[in-house]
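For clarity, every value in this text was computed on a predicted model and none was experimentally measured.
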Amino acid sequence: QLNLTVLNYGQIDLTIDTAYINWTSVASYLGGRRTTIGKGVLIQISFTSPVTIQSGSTYEIIVVSTRGSKNAINWRA
């Protein structure tokens, strides 16, 4: 299980549509998906990783809103 904290630093509310780990779509969400995030608000998205996570490896995590905007980070496990 991965827990990802998302901050909406934009000027409009947003809703998380999907997430990707190393360009593999997350299929099993435990919470936070399709939740509207107000301006300046933090939420947590919980999901089961679609790829095996290995300590010391780096993963690209991409989060996409329902409007189609995306943000990517590199995370080292």
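- For the atom pair I61 CD1 and W75 CH2, the distance stands at 6.0 Å (nearest 0.5 Å).
- The side-chain contact (heavy atoms from CB on, under 4.5 Å) test applied to N3 returns Q1, Q44, S46, not counting sequence neighbours.
- Within the structure, side chain to side chain donor-acceptor pair (under 3.5 Å) pairs that include any residue of residues 27-42 comprise T15-T36, D17-R34, T18-Y29 (at least two apart or interchain).
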For residues 4-12, which side-chain donor-acceptor pairs fall under 3.5 Å, sequence neighbours excluded?
| residue | atom | partner | partner atom | Å |
| --- | --- | --- | --- | --- |
| N8 | OD1 | G10 | N | 2.9 |
| N8 | ND2 | I12 | O | 2.9 |
| N8 | ND2 | I37 | O | 3.0 |
| N8 | ND2 | G38 | O | 3.3 |

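- Of all heavy-atom pairs spanning S25 and P50, the tightest one is O-CB, 3.5 Å.
- Hydrophobic clustering of Ile, Leu, Val, Met, Phe, Trp and Tyr side chains at less than 4.5 Å, counting indirect connections, keeps V26 apart from V64.
- By the rule that hydrophobic residues join a cluster once side-chain heavy atoms approach within less than 4.5 Å of another member, I43 and L30 end up as members of separate clusters.
- Contacts classified as salt bridge (charged side-chain N to carboxylate O under 4.0 Å, His left out) and involving residues 49-77 (residues at least two apart or in different chains) are not found.
- When the side-chain contact (heavy atoms from CB on, under 4.5 Å) test is applied to V51, the partners found at least two apart in sequence or on another chain are I21, T24, S49, I53, Y59.
- Under a hydrophobic-cluster definition in which Ile, Leu, Val, Met, Phe, Trp and Tyr are linked whenever side-chain heavy atoms come within less than 4.5 Å, directly or via other members, I73 and I16 are assigned to the same cluster.
- Listed by chain and residue number, nothing satisfies the side-chain hydrogen bond (donor to acceptor under 3.5 Å, both in side chains) test with T66 (two or more places apart in sequence, or in another chain).
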